Amino acid sequence: KQYSAAPGDSLRLGTQLRRNGSTSTPAAVAWRSTAPAVAEVTTDGLLRARALGTAHVIATADALADTLRVVVSTCGSVRAVDLPVGGVQT
């Protein structure tokens, strides 16, 4: 999964847990960015594009995790994102 943004853009991330064919919204999600100087993410899932480059945002919920690649460039675009979390044990 990859999304693009321009510096200064912000993006609200969301999650859906997918297990055994069912989908639910987790009660708690832990967010982190591998490169906060490029793209930071708040504890409530607000992503802010800060500088040109690439970062990975990792969402963890109920011992499952998923990753979103974020590319910050001068021609990025932003839209709402639901990050499906499931299938990867942490």
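All figures in this text were calculated on a predicted structure; none of them were measured in a lab.
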Within the side chain of Ser33, is there an N or O that forms a donor-acceptor pair under 3.5 Å with the backbone of Ala39? yes

For Val29 and Pro26 the tightest heavy-atom approach is CG2-CG, 3.5 Å

Derivation and outcome, side chain to side chain contact (heavy atoms under 4.5 Å, CB included), residues Val70 and Val72: CA-CA 6 Å; Val70 178; Val72 181; 4.2 Å; yes

Does any non-hydrogen side-chain atom of Val38 lie less than 4.5 Å from one of Thr54? no

Can you tell me how far CG of Leu13 sits from OG1 of Thr15, rounded to the nearest 0.5 angstrom? 9.5 Å

Per the salt bridge (charged side-chain N to carboxylate O under 4.0 Å, His left out) rule, what does the pair list look like for residues 34-47, sequence neighbours excluded? Arg12-Asp44, Glu40-Arg48, Glu40-Arg50

Once rounded to the nearest 0.5 Å, what's the spacing between atom CD1 of Ile58 and atom CG of Leu68? 10.5 Å

Over all atoms of both residues, closest heavy-atom pair of Pro7 and Leu52: CG-CD2, 3.7 Å

Not counting sequence neighbours, which residues clear side-chain hydrogen bond (donor to acceptor under 3.5 Å, both in side chains) with Thr25? List them please. Gln16

Looking at side-chain heavy atoms only, is the closest gap between Thr42 and Trp31 below 4.5 Å? no

Suppose the criterion is salt bridge (charged side-chain N to carboxylate O under 4.0 Å, His left out): which pairs have a residue in residues 22-32, not counting sequence neighbours? none

